[in-house]
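In what follows, a structure is listed as structure tokens, so that the remarks can point back to it.
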Amino acid sequence: MPLTNPAAIIHQNLIKSMEMVKPSAKKAKTNGLLTPTRPVSKANENDIDNPINRVATYVDTIRRKREELKENGS
Amino acid sequence: MAVREEPSFDMPIAGQSLTAELGGRPWQQPPQYTTVEEALDYYIPSLESEEVSTQLLDVLEMGIPVTSVANAMQTASVMDGKHSVDVGVLVLPVLIELIMLIAETAGVEYISGLEPDKTIMNKSLINKAIRKYEKEKEKEDEPLEDTGVMTTIESLQEETPEEKAGGLMSRSK
């Protein structure tokens with residue numbers, strides 16, 4: 001059967017990727033001699049030029065609004 | 001239940017899309033909005049307008065899933081040359097969330113369309129069911145042949161009444 005409505009798949013994939021990107025526990029700072037001093041670039045994680053990341057932020061904002069509404073409503 | 005497909009004549013003829021002049025259709029022109037933000041600036045005011053939002057809520061109350069509504073909106077905009085298919089796909093999750101927010105604000109119950117479809121079965125499950133059915137059928141077939149013959153013989157015996165023996169030596173009841 002041909003796929004006529006990709007909306008659900010797109011939405012679920014975005015939510016999954018958003019959950020994966022969510023910041024986990026911060027790594028403990030190491031100050032050994034061989035520790036890199038420059039921050040490693042997180043091109044994929046925080047690249048605001050990437051439209052997917054921007055869409056993720058919009059979706060996250062609206063979802064938070066919805067949750068607030070649910071909490072206030074109930 | 002199988003639905004008989006009636007021939008529909010209210011459809012375009014094969015190749016009809018090629019009869020218009022190249023660039024004559026809106027989707028063959030450069031899109032009006034090229035970024036996600038521009039497309040959202042087009043969608044959000046229209047969704048917030050009273051006319052559209054009441055129609056949207058009516059549609060959701062009818063039980064049409066949010067995903068279908070969002071997809072129809074973005075497909076229509078692609079057809080109108082508002083934005084490209086790529087931007088439409090990017091905008092889809094935001095539209096879904098927005099529509100759900102509008103529905104929740106209005107207190108309308110809706111079907112999101114994001115629930116896993118329970119009607120879709122995977123192939124392994126279907127094969128398992130077929131194997132189970134075949135085994136059961138084999139089991140049923142074997143004794144059926146024997147009992148079937150036996151039952152027919154028995155029924156025939158019941159149907160044919162015993163001829164009354166009228167001999168001198170016949171037993172009287």
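A, B, ... follow the sequence lines: proteins, then strands. Residue 1 opens every chain.
When atom types are taken as modelled, the side chain of B/Glu104 and the backbone of A/Leu69 share no donor-acceptor pair closer than 3.5 angstrom.
With a threshold of 4.5 angstrom between heavy atoms, B/Leu40 approaches chain A through side-chain atoms but not through N, CA, C or O. B/Val91 does not touch chain A: none of its heavy atoms, backbone or side chain, sits under 4.5 Å away. At a 4.5 Å heavy-atom cutoff, the contact between B/Leu92 and chain A is made by side-chain atoms alone. Of the atoms belonging to B/Ile96, it is side-chain heavy atoms, and not backbone ones, that fall under 4.5 Å from chain A. Neither the backbone nor the side chain of B/Thr75 comes within less than 4.5 Å of any heavy atom of chain A. Contact of A/Arg54 with chain B is made through the side chain alone, with heavy-atom distances under 4.5 Å. Residue contact with chain A, scored on non-hydrogen atoms closer than 4.5 Å, involves the side chain of B/Glu37 exclusively.
Between atom CD1 of residue B/Ile44 and atom OH of residue A/Tyr58 there is a gap of 9.0 Å, rounded to the nearest 0.5 Å. Remark: A/Lys65 NZ to B/Leu98 CG distance equals 12.0 Å, nearest 0.5 Å.
Transitive grouping of hydrophobic side chains (ILVMFWY, heavy atoms separated by less than 4.5 Å) keeps B/Val69 and A/Ile10 in distinct clusters. Hydrophobic clustering, with ILVMFWY side chains joined whenever heavy atoms are under 4.5 angstrom apart, keeps B/Tyr42 apart from B/Val78. B/Val108 and B/Leu47 end up in the same hydrophobic cluster when Ile, Leu, Val, Met, Phe, Trp and Tyr side chains are linked at under 4.5 Å. The cluster map of Ile, Leu, Val, Met, Phe, Trp and Tyr, joined by side-chain heavy atoms under 4.5 Å apart, puts B/Val66 and B/Met62 in the same cluster.
Side-chain contact check for B/Glu97 versus A/His11: some heavy-atom pair is nearer than 4.5 Å. For the pair B/Val89 and A/Pro6, the minimum side-chain heavy-atom distance is 4.5 Å or more.
Enclosure of atom CD in B/Glu21 is not indicated, since only 12 or fewer non-hydrogen atoms of other residues, nucleotides or ligands lie within 6.0 angstrom. For CD of B/Gln16, the number of neighbouring non-hydrogen atoms (other residues, nucleotides, ligands) closer than 6.0 Å is greater than 12. For B/Glu50, the CD atom counts as loosely surrounded, since its 6.0 Å shell holds 12 or fewer non-hydrogen atoms of other residues, nucleotides or ligands.
When all heavy atoms of A/Pro51 and B/Val36 are compared, the closest pair comes out as CB-CG2, 4.2 Å. Among all heavy-atom pairs drawn from B/Asn71 and A/Thr4, the shortest one is ND2-O, 3.5 Å. In terms of heavy-atom proximity, A/Val55 sits nearest to B/Pro93 at CG1-CG, 4.4 Å. Shown here for B/Gly113 and A/Ala8, the closest heavy-atom pair between the two residues is O-CB, 3.6 Å.
Considering only heavy-atom pairs separated by less than 4.5 Å from chain B, the leading option among A/Val59, A/Ile52, A/Leu14 is A/Val59.
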